[in-house]
Amino acid sequence: MSDVIKLLPDSVANQIAAGEVIQRPASVIKELVENAIDAQATQVQIVLKDAGRTLIQVIDNGMGMSDTDARLAFERHSTSKIRNASDLFSLHTMGFRGEALASIAAISHIELRTCARGNQLGTKLIINASQCESQEPDVCPVGCNFMIKDLFFNVPARRKFLKSNQVELSNTIKEFEKLALVNYSVEFTLIHNGNTLYKLTGGSFRQRIVAMFGNTIDQQLIPLAVETSLVKISGFIGKPENARKRSAMQYFFVNGRYMRHPYFHKAVNSCYNELIPDDAQPNYFLIFDVDPESIDVNIHPTKTEIKFENELPIWQIISAAVKETLGRFSVVPSIDFDKEDAPEIPAVTLPHVSRPPEISVDKGYNPFNDNDGAGSQQAKSHGDYTRQHSYGSQAMPNWEDLYRNFEKSKQEGLDEFDAAAPSHDVQPEPAPLVSVDEEVQHIFQFGNRYLVTLSQDGVVIIDQTRAHLAVLYERLMAQIDGMNVVSQRVLFPEIVHFTAAQNAVFEEIELDMEKAGFGLSRLSGGDWSINSVPPGLDNVDIVDLLNEVINSVSNGGNSIKDKIFEKIALTIATRAAIPHGRLLSLEEMKSLVADWQKLKNRKYTPTGKVIATVLTIDQVAKMF
């Protein structure tokens with residue numbers, strides 16, 4: 001048998017590594033900026049064209065590289081960060097694997113100009129698909145100037161799966177925000193297609209947060225600081241009243257590195273229980289300083305998943321610090337016990353309580369002796385007394401009420417499960433085509449959730465929320481497809497603030513939003529004025545709705561332009577649909593059923609949930 005195991009060529013190995021390290025233009029920026037920070041740069045400039053597809057340029061004023069270092073840096077596992085395996089347990093730098101530059105070089109054209117500190121002359125290096133084409137002396141400033149061109153030019157499958165420019169730009173800006181936040185003493189500039197998106201000067205952590213997310217956030221921040229033998233935590237948490245349902249600003253940093261940590265996230269969230277709605281998330285910007293030997297960052301190529309040696313104690317420290325901070329700054333609701341301003345308490349007259357009847361007990365009664373009728377009668381009397389007085393001075397509870405409460409709790413649990421279920425779940429068994437009489441005469445509301453009416457097949461039970469959602473969705477889709485949405489002017493325009501990442505996405509869908517009935521005008525920075533909205537959104541938070549639409553678009557694929565109308569229509573219909581628990585008038589019920597009857601698809605909602613069901617005569621007969 002011939003040998004089957006072969007060593008992969010360097011070009012193939014580099015492309016495999018690139019698939020793990022470099023996933024999109026944002027990954028390139030992350031690696032290059034981290035290298036600049038490790039090189040002690042105080043100024044970093046990022047220039048993009050076409051969201052990084054055509055060009056990614058990163059310029060820094062760090063230490064730079066010599067001629068030999070510049071060439072060697074593009075070889076796999078070549079790094080200046082560590083020397084042996086023990087250094088992995090005491091990392092003080094962002095990078096350490098020595099794979100980033102080799103991975104980038106394998107899938108792009110690279111031009112590097114660099115000059116080391118103390119040198120009069122630098123070097124210019126050109127690399128295409130891991131092949132060094134030329135290296136020559138060059139006059140350039142101290143630091144590094146990387147130009148990454150035509151990303152994934154030799155991996156068409158990877159380039160094909162890149163999303164639209166605006167979505168990729170949004171991902172890049174999010175990565176930029178993480179880097180710029182924790183390195184708040186470094187000056188950052190981000191330019192895209194000639195437009196300066198960010199120009200950040202060095203300063204404090206608070207100043208960097210305000211510079212990136214707007215002046216309005218300055219009043220929302222509560223400083224937090226705690227120092228123990230295990231960890232030092234500093235930063236800011238948000239006030240409960242500024243919690244967000246979507247797009248919450250939540251950032252953890254450890255030793256200058258961004259990290260994702262669901263366990264610590266839960267520690268912060270648990271401190272806001274009873275202070276914010278269940279579907280809201282608090283803002284926080286927390287920096288952890290720990291002993292590098294107590295954490296492991298060598299878990300994932302992105303180095304954002306970090307393992308802590310003392311997770312449980314740190315969890316407790318976070319929880320205690322957040323609770324103390326919320327209490328110290330009086331954001332927890334308090335009760336005023338000032339007697340002078342307190343209203344006079346009216347006198348309460350207690351109802352007359354009758355004395356319990358006196359019961360005479362036969363001391364010679366034996367409940368186990370049932371030899372004669374007298375004993376049986378005595379036992380019966382004793383049993384009646386026990387049933388009536390076994391709960392002390394109170395009568396036995398009403399078991400029907402207990403059962404109803406049990407059924408209510410059960411239904412609430414089912415509602416919560418239903419709400420948490422993803423919209424793309426497998427559809428249930430096909431429901432029969434439901435139809436009701438053309439002129440609805442008998443209809444009533446059950447449980448402030450279901451509409452019950454009659455048809456030739458039996459009793460029709462309709463979920464009012466799902467029926468209204470389907471009606472609104474088809475109505476909006478018909479208007480958008482027909483290009484005849486009539487906007488409704490807002491009497492008092494509302495201001496919405498978008499981050500740079502959200503602005504990048506909104507600019508892509510602005511025309512589609514106008515077709516859907518939204519009219520926004522740009523003010524300054526990331527502020528927009530909401531001038532008009534589609535009709536039927538009287539009780540909907542428009543700002544939250546816009547954030548939801550933008551987030552849904554950010555997570556879309558290449559076909560997002562084709563599906564933007566569906567996303568907008570579904571989002572609007574979901575937010576504007578009649579909620580469970582709302583009492584409807586007779587006219588409202590009849591109108592909703594009549595509109596539902598006109599739908600093309602009366603079986604399911606756009607998310608695949610059953611709208612109505614029929615209880616037939618045969619099913620009712622089986623119950624008896």
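Excluded from the calculations below are hydrogen atoms, water molecules and symmetry mates; all remaining heavy atoms, backbone and side chain alike, are included. These figures come from a predicted structure and were not determined experimentally.
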Decide, yes or no, whether a salt bridge links K149 with E111 under the criterion of side-chain N to carboxylate O below 4.0 Å.
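Looking at K149 and E111, the cut-off is met.
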
Ion pair present between E168 and R53, side-chain N to carboxylate O less than 4.0 angstrom?
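Salt bridge: no.
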
Quick check: does any side chain N or O of T325 sit under 3.5 Å from a backbone N or O of A321, one acting as donor and the other as acceptor?
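Checked: pair present.
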
Using modelled atom types and a 3.5 Å cut-off, is there a donor and acceptor pairing between side-chain atoms of N273 and backbone atoms of S270?
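Yes.
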
Can you find a side-chain donor-acceptor pair between [X] and [Y] that sits under 3.5 Å?
X	Y	answer
R489	N531	no
Y198	E177	yes
D463	H580	yes
Q250	N283	no
D150	S108	no

Find the distance between [atom1] ([X]) and [atom2] ([Y]) and round it off to the nearest 0.5 Å.
X	Y	atom1	atom2	result
M212	I217	CE	CD1	10.5 Å
L179	Y184	CG	OH	15.0 Å
I37	T42	CD1	OG1	9.0 Å
L190	K199	CG	NZ	11.5 Å
R522	S529	CZ	OG	13.5 Å
I104	I22	CD1	CD1	4.5 Å

Apply side-chain contact (heavy atoms from CB on, under 4.5 Å) to residues K307 and I295 and explain how you reach the verdict.
CA-CA 6 Å; K307 179 66 176 176; I295 61 174; over 6 Å; no

side-chain contact (heavy atoms from CB on, under 4.5 Å) with E187: which residues, sequence neighbours excluded?
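With sequence neighbours excluded, E187 shows a side-chain contact (heavy atoms from CB on, under 4.5 Å) to Q43, given in chain and number order.
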
Scan N193, I56, L151 and name whichever one has a side chain to side chain contact (heavy atoms under 4.5 Å, CB included) with D50.
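Exactly one option meets the side chain to side chain contact (heavy atoms under 4.5 Å, CB included) with D50, and it is N193.
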
Residue list, ring pair (Phe, Tyr, Trp, His ring centres under 6.0 Å) with F264, at least two apart or on another chain:
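F264 satisfies ring pair (Phe, Tyr, Trp, His ring centres under 6.0 Å) with H261, F288, F308 only.
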
Determine, stepwise, if the pair Y251 / V182 fulfils side-chain contact (heavy atoms from CB on, under 4.5 Å).
CA-CA 9 Å; Y251 296 91; V182 67; over 6 Å; no

Criterion side-chain contact (heavy atoms from CB on, under 4.5 Å) on F252 and Y258, from CA distance to verdict
CA-CA 6 Å; F252 282 136; Y258 171 79; 5.8 Å; no

Nearest heavy atoms of T172 and A51, plus distance in Å
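Looking at all heavy atoms of both residues, the shortest contact is OG1-O, 4.4 Å.
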
Classify the ring geometry between F498 and F506 as parallel (under 30°), tilted (30 to 60°) or perpendicular (over 60°).
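Judged by the thresholds at 30° and 60°, the geometry between F498 and F506 is tilted.
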
Can you say whether the rings of F285 and F205 are parallel (under 30°), tilted (30 to 60°) or perpendicular (over 60°)?
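It falls in the perpendicular class, over 60°.
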
Taking CZ in F146 as the centre, count heavy atoms belonging to other residues, nucleotides or ligands within less than 6.0 Å. Is the count above 12?
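Result for CZ/F146: enclosed.
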
Report the C-alpha distance between R328 and I222 in whole Å, list the side-chain angles of each, state the deciding distance to 0.1 Å, and finish with yes or no for side-chain contact (heavy atoms from CB on, under 4.5 Å).
CA-CA 10 Å; R328 184 171 0 109; I222 306 174; over 6 Å; no

Quick one, I46 and T189 - any side-chain contact, counting heavy atoms below 4.5 Å?
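No, side chains not in contact.
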
